[in-house]
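Just so you know, residue 1 is the first one in the sequence shown, and it goes up from there.
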Amino acid sequence: MDANTATDTGGATAAGPHATGPRAGRREWAGLGVLALAALLVSIDVFVLLLALPRLSADLGAGATEQLWIMDVYGFMLAGLLITMGTLGDRIGRRRLLLIGAAGFGAASVLAAYSTGPGMLIAARALLGVAGATLTPSTLALIGNMFRDPRQRAVAISVWMVCFMSGAAVGPLVGGALLEHYWWGSVFLLGVPAMGLLLAFGPVLLPEYRDTAAGRLDLTSVALSLAAILPAIYGLKELARSGWQAMPVTAVLAGAAFGVAFARRQRGLADPLLDLRLFANRSFTAAMGAMMAGTTLMGAIMLFVTQYFQLVAGLSPLRAGLAMLPAVAGSITGALLSPILARRVRPAYLIGAGMAAGAAGLLLITQAGPEHGLVVVALGFALTNIGGGPMVVLTVDLVIGAVPPGKAGLAAGMNETGSEFGYALGIAALGSLGAAVYRAHIAGAIPEGVPAQAAGAARDTLAGALTAASDLPGPLGARLLAAAREAFTAGMHLTAAISAVLLLATAVATLTLLRHVRPSGREADARD
C-alpha cells in the first residue's frame, strides 16, 4: 500500500458522530480546493442550461417534448444512479470512481456542446447524468475520509457546499456573458476545465479509499433500484407539471412497488447494494429525515418565488437572477457559519433554529401582495435560505460521520438521493397545491368580455394568462392579468403558510431526535 492509499475494513471501525481522528494537513486542504472548485464549475454548468435552452432549441429544432427531455434526463439519471455509484465507489475506490466520472463528464460535455440534433443532445445529457452520479457521492465520501476531525470535516463540507451553491448565483451571469458572445454549446464546455483539473491533480492530492471487506456488486439490486427511483422521480415531476393524471400516478405507484421489492432483496443479501442496517443508527436516520423534509418544504417555494419575480413583478430573467442574489448570499452565510457555531452548540439546536428561521421567512412571503411585494418576497426567501444553511451542512456531516468509513460512499449517495426525492416531492405536492388554489381563484375572477380561448389559457397557468392578456385590448388585458396575478399570489401564500407550519413541526422532531449529538468542539477538546 502506497502513502497515498488507504483501505477501510467496513464495519470494524464504526465511525459515529463523536468519532475523532488525525487532523488534516496541507494536502487534504489542497485536495478540498480541487473538489470545491470542480463543484463550483459543475454547478455553474447545470444552471446555465436554463438560459441556453431557448437558443439551442431554435438551432436544433427541438420540440416541446424534446426540450423537456433535454432538461430532465440529466436529473433522472443522476437520481437513479446515486446510490449505485456511492456503493460502487466504496468497492472499487472512491478516487478511482471520481476520476472515471470526471473523464466521462468532460467527454459528455464536449458531446453536448457539439450536438447536431435534439436526440444527440438528449443522449449527451443522459451520459452527463450517469457521470454526474459518480461525482457527488465520491466527493463527499472522500471529504469524510480525508477530514476525520469533526470540526475540520464540518468546515470542509461547508466549503464544498458553498462552492456548489455559488453556482446558482454565478451561473446566470456567466451563461449570459457566454451566450452574448458565443454559440449555445459554449455553456456545456464550462465543466471541461473542472474535470481536467480533477484528472490532473486528483491522483496527487486525493488519497484512495475503499472497503476491502465489500463483496461483489449485485446487478439485480442495481436494476431494481433504477426501476424504483426513475419512475418515482418521473411521476413526481409530471404531477407537478400536468397535475393528477393517470400516467404519473401509475409511475409513482410502480416505483413504490419496485422499491418494496428492492428493500426485500437487500434484507436477504450478505453484501447488499443498500445496507438497511444503517437506518438503525439514530443519528443517521434523523439527519436523513431532517434533510429530506427540509428540502421538501423549503425547496418547493423556489418555484413560486422565481415565477413571482418574472410573471408577477414583471422582472426580466437577468433582473430576476439579481433578485435571487440575497437568497444565495443567505445560503452561503448559513453554510459558512454552521460549522463554526456547531463547535459550541449542539447540531440539533442549530438545525432546529435554522428551520424556525426558514419558517419565519416563509411566513414573511405570505405578506407579499401582487403589487409592491418584490422586496418582501426577496427578504423572505433570503431568510428561508439562511435558515436552510445548518440543515444542509450539518445533516450531511451527521450522515457521513454516523456510518463506518467503508460505507461513506453509500451514505453520501443516499443523502443526495433523498435530497432529489425531497425536492421532487415538494414541487409535486406543494406545486400542485398552489396550482389548485390558482385555478380556484381565477375561475370566478375572469372579467366579462374575455374570449373563451383566452379564458381557458388564463385558467391553466399564470404564464398562460400573461400570453392571453397580451392579445386583448389594453384595459381588458390589464384586468385579466391583475386577476391572474392575484390568484397566483394566493396560491403562493397558502403554500408558504402550510410549508412553514410543517417546517416548525420538523424542527421540533429534529430537536427531539438529534439532541444527544454533542457539539463538535467538545469532541475535539475531549480528545486533546
Side-chain angles (χ1 to χ4, degrees), residues 50 53 57 62-80 118-119 122 125-126 129 224-262 292 295-297 299-304 306-308 311 417-446 452-468 484 487-488 490-492 494-496 498-499 502:
L50 296 173
L53 186 63
S57 298
T65 301
E66 291 168 324
Q67 290 180 42
L68 292 177
W69 278 106
I70 289 171
M71 288 295 300
D72 290 343
V73 70
Y74 176 87
F76 290 156
M77 300 308 297
L78 183 75
I122 291 170
R125 289 278 293 164
L224 284 174
S225 70
L226 288 172
I229 295 173
L230 292 180
I233 292 290
Y234 166 79
L236 290 172
K237 284 181 174 288
E238 285 300 308
L239 284 173
R241 182 178 293 134
S242 57
W244 292 90
Q245 298 184 8
M247 181 61 73
V249 171
T250 301
V252 172
L253 293 177
F258 279 112
V260 172
F262 172 79
M292 186 171 178
T295 303
T296 300
L297 298 171
I301 198 64
M302 183 176 178
L303 174 68
F304 292 92
T306 54
Q307 291 187 71
Y308 182 92
L311 303 181
T417 301
S419 179
E420 290 284 337
F421 264 109
Y423 185 73
L425 179 60
I427 294 295
L430 298 173
S432 297
L433 174 63
V437 173
Y438 170 83
R439 295 188 184 102
H441 274 68
I442 194 66
I446 295 178
Q453 185 175 0
R459 291 190 190 97
D460 190 23
T461 63
L462 176 57
L466 188 64
T467 301
F488 176 86
M492 183 178 71
L494 182 60
T495 301
I498 291 176
S499 297
L502 295 178

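Atom CG of Leu462 and atom CZ of Phe304 lie 11.5 Å apart (nearest 0.5 Å). Note that the CG atom of Leu502 and the CG atom of Leu430 stand 8.0 Å from one another [nearest 0.5 Å]. Note: Gln245 CD to Thr250 OG1 = 11.0 Å, rounded to the nearest 0.5 Å. Atom-to-atom distance recorded for Ile301:CD1 and Ser499:OG is 6.0 Å, nearest 0.5 angstrom. Annotation: the span from Met292 atom CE to Leu297 atom CG amounts to 10.5 Å, rounded to 0.5 Å.
Contact record, Ala465 with Ala484: CB-CB, 3.4 Å, taken as the closest heavy-atom pair. Of all heavy-atom pairs between Ala487 and His441, the closest is CB-CB, 3.6 Å. Closest approach of Ala468 to Ala457, counting heavy atoms only: CB-CB, 4.4 Å. Here the shortest heavy-atom pairing between Arg459 and Arg439 reads O-CG, 3.3 Å. Residue Pro248 comes nearest to Gly235 through the heavy atom pair CB-O, 3.4 Å, listed as atom of the first residue, atom of the second, then distance. Considering every non-hydrogen atom in both Tyr438 and Phe488, the closest pair reads CD1-N, 3.4 Å.
Side-chain atoms of Arg125 come within 3.5 Å of backbone N or O of Ile70 as a donor-acceptor pair.
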